[in-house]
Amino acid sequence: MDILCVVAMGGVGLVVVAMDLTRRINLMRLLPGTLLGMATVNIVLLAYGLLSWEPFRALSTVWKILYALPAAGLLGYWALRFAVFPVMDGHKTGIRLKLMIGGRFLVYRTLWLLVWETAFLLVTFLHPLFAAAPDSVLIVNGVCGGLFVLLSLWNGIVRLFFTSRRLSILRRVLMVVTMWIPVVNLIVLGYACRLARDEYDFALYKRELDSIRPVSQLCATKYPLLLVHGVLFRDLKYFNYWGRISRELLRCGATVFYGNQEAVGTIAYNGDDIHSRVLQILEETGCEKVNIIAHSKGGLDARYAIAAYDMADKVASLTCIGTPHRGCRFVDLAMSLPESFLRLLSRIVDNTYRRLGDENPDFYGAVHQFTTAYAAGFNAETPIPAGVYCQSYATRLKSMFGDSLLGLPYLLIKALEGDNDGLVGVESAKWGEFRGVLASTGRRGVSHGDIIDLKREDYKGFDVTETYVQMIADLKARGGVNAFARCKSYGMPRGAGNRPRIARRCAQGARSG
């Protein structure tokens, strides 16, 4: 009889484990997970109770071990699964996201077990059934259970800390600082778990979107795209100014090139770069025109190139995103700083960017071209060119807490110009056909850096790569079907020191002497 009972118990345990592994049942669900978790946490007390049970005490040592093995095996399997694979949902989201969402699960479920364990211990000390247990058993049970809960909680915290991309450096510092402060640490931990949940949901949404259009030609425009960066950045091979945007556009059928202009060059100097770049692209591809997508100062550089070199017949469209077409009032204020300080700062910046690959950096001249006075004259000299479809987009933050890097500039520009993205006011960004203000549905908004995927983060209510996909799809709808089917190898940005030297004409505009 005993052997049948042992075999039956072992068989049931194996069936339960097999069904969990094949996802027929889920031992991590709330009810079975709580029951098995409580049994695991209080394994010492359960073992003492079993050994104290009269029918079990009558068995020999061998039979005691045989009877205990199925239960111990099931609890051991559950504990291992709980620690290593708490979530097995079948979604192909990658190891990082599985570790992250598993960390969130561990945090919540461990805190849930802690609540039940606290209630159980109160019953243990008050109920006469456990009153006979020696203090040593209760202490050992408490220590073992506490270690299990503590290790499980830290397992979840470490997973979140190292795998969640929405946890910025500042948020990670906040987690470290508050981890020893009661109540506050739970609030911060709950916030981190919410960010992880949002990140995971967004990944599932992107996965579903990718499955809908795996070989989409949604962005296969008639003419190739030329992405033009803003000030203080270069088109580097290993740090793409456009983040994940370029890769998504390529995947959706677009042909992508980069401007490769100077990081702190003046508008005229960079405009010459863009002119040469457009001619090079047309020669390489055999196309008649390009579509320019420009961010920030890149929009001014592109406008100058089109106007100064009469490129209306070579540019099909110009899309400006967060470009200060009417200047920035806070730059007007900055220009009131002592001239000696501005010159010193400019020399430092110029020397730095010269080492990074700029051939003729001019930070002093470039910054002066952001003033409202310069913008007024520039707009008069470079009107919207006939034959080129010109459109613009603006972005805006919803509060100073929307972006840790641009919080203070946001407040200053908010007082001077109203809604802004942390650097450029919404009104200043309007030029050509204004297509609207891009903002998330969450409390953050969209900053000047968010719109180019600067931090490579996903935000609630805003999908930056999908924004560009729809933007380019709209251009395609306006400009006809794809007429360019060459290899997409043109899409790789150049290295910092790899640019060909281009013959440049005399500097114009506000370049300093």
Side-chain angles (χ1 to χ4, degrees), residues 160 164-178 181 183-202 205 230-233 243-245 295-297 320-334 370 372 392-430 434-468 471:
L160 289 174
S164 176
R165 289 177 179 170
R166 294 199 180 186
L167 280 178
S168 60
I169 295 176
L170 183 62
R171 288 166 179 162
R172 285 182 169 87
V173 170
L174 185 64
M175 287 182 67
V176 172
V177 171
T178 61
I181 305 176
V183 181
V184 176
N185 54 8
L186 294 179
I187 295 174
V188 173
L189 193 55
Y191 176 66
C193 288
R194 184 174 66 81
L195 290 177
R197 177 75 263 178
D198 291 344
E199 183 176 351
Y200 189 74
D201 288 344
F202 184 84
Y205 149 76
V231 71
L232 296 180
F233 284 88
R244 299 164 294 178
I245 297 166
H295 176 250
S296 193
K297 179 177 174 289
C320 296
I321 305 166
T323 297
H325 296 288
R326 291 163 181 79
C328 303
R329 293 184 184 178
F330 82 94
V331 175
D332 294 344
L333 291 178
F370 289 122
T372 55
S392 59
Y393 293 84
T395 60
R396 71 179 179 92
L397 287 170
K398 295 185 177 180
S399 73
M400 67 172 294
F401 302 105
D403 193 304
S404 57
L405 299 177
L406 300 176
L408 292 179
Y410 166 82
L411 286 179
L412 178 60
I413 301 170
K414 180 72 173 178
L416 294 172
E417 304 180 47
D419 287 343
N420 65 92
D421 61 9
L423 286 179
V424 177
V426 170
E427 291 301 317
S428 183
K430 295 179 179 180
F434 183 60
R435 303 302 303 278
V437 180
L438 302 174
S440 67
T441 58
R443 292 175 292 179
R444 173 187 176 85
V446 179
S447 75
H448 197 73
D450 295 339
I451 195 59
I452 56 167
D453 199 28
L454 183 63
K455 298 179 181 178
R456 277 64 170 170
E457 294 182 15
D458 302 314
Y459 305 108
K460 183 178 181 180
F462 180 70
D463 182 352
V464 63
T465 59
E466 185 63 17
T467 297
Y468 279 85
M471 189 185 300

All heavy atoms of L406 vs all of D421, minimum pair found to be CD1-O, 3.7 Å
So does D463 get a backbone contact from the side chain of T467, meaning a donor-acceptor N/O pair under 3.5 Å?
yes
Kindly indicate, with the supporting measurements, whether the criterion side-chain contact (heavy atoms from CB on, under 4.5 Å) is fulfilled by R166 and F202.
CA-CA 11 Å; R166 294 199 180 186; F202 184 84; 3.7 Å; yes
Polar side-chain atom of E199 near backbone of R165 as donor-acceptor pair, under 3.5 Å
yes
Run the side-chain contact (heavy atoms from CB on, under 4.5 Å) test on F401 and R443 for me, step by step, so that the C-alpha distance in whole Å, both residues' side-chain angles and the decisive distance to 0.1 Å come before the verdict.
CA-CA 9 Å; F401 302 105; R443 292 175 292 179; over 6 Å; no
What distance separates F233 CZ from S296 OG, expressed to the nearest 0.5 Å?
9.5 Å
Taking all heavy atoms of D450 and all of F462, pick out the closest pair and write down the distance.
O-CE2, 4.4 Å
Pair K297-F370, side-chain contact (heavy atoms from CB on, under 4.5 Å): steps then yes or no:
CA-CA 8 Å; K297 179 177 174 289; F370 289 122; 3.6 Å; yes
For the atom pair CZ (F330) and CG (N420), what is the distance rounded to the nearest 0.5 Å?
9.0 Å
Determine yes or no for a side-chain-to-main-chain donor-acceptor pair under 3.5 angstrom, with Y459 supplying the side chain and V464 the backbone.
no
E417 vs K414, test: salt bridge (charged side-chain N to carboxylate O under 4.0 Å, His left out). Steps then yes/no.
CA-CA 5 Å; E417 304 180 47; K414 180 72 173 178; over 6 Å; no
Can you list the steps and then say if R244 with D458 is a salt bridge (charged side-chain N to carboxylate O under 4.0 Å, His left out)?
CA-CA 11 Å; R244 299 164 294 178; D458 302 314; 2.9 Å; yes
OH of Y205 to CD of E466, rounded to nearest 0.5 Å, is 4.5 Å
Hey, are D332 and T372 close enough side-chain-wise for a donor-acceptor pair under 3.5 Å?
yes
Is a side-chain donor-acceptor pair under 3.5 Å present for Y191 with R171?
yes
Derivation of the side-chain contact (heavy atoms from CB on, under 4.5 Å) call for R435 and S392:
CA-CA 6 Å; R435 303 302 303 278; S392 59; over 6 Å; no
For S428 and R326, indicate whether the former's side chain and the latter's backbone hold a donor-acceptor pair under 3.5 Å.
yes
Please answer whether the main-chain N or O of A394 pairs with a side-chain N or O of R396 as donor and acceptor at a distance below 3.5 Å.
no
Closest non-hydrogen atom pair between I413 and V424, with its separation:
CD1-N, 4.3 Å
Indicate the atoms forming the closest heavy-atom contact of V446 with S440, along with that distance.
CG2-N, 3.6 Å
Nearest 0.5 Å, please: how far is CZ in R444 from CD in E457?
6.5 Å
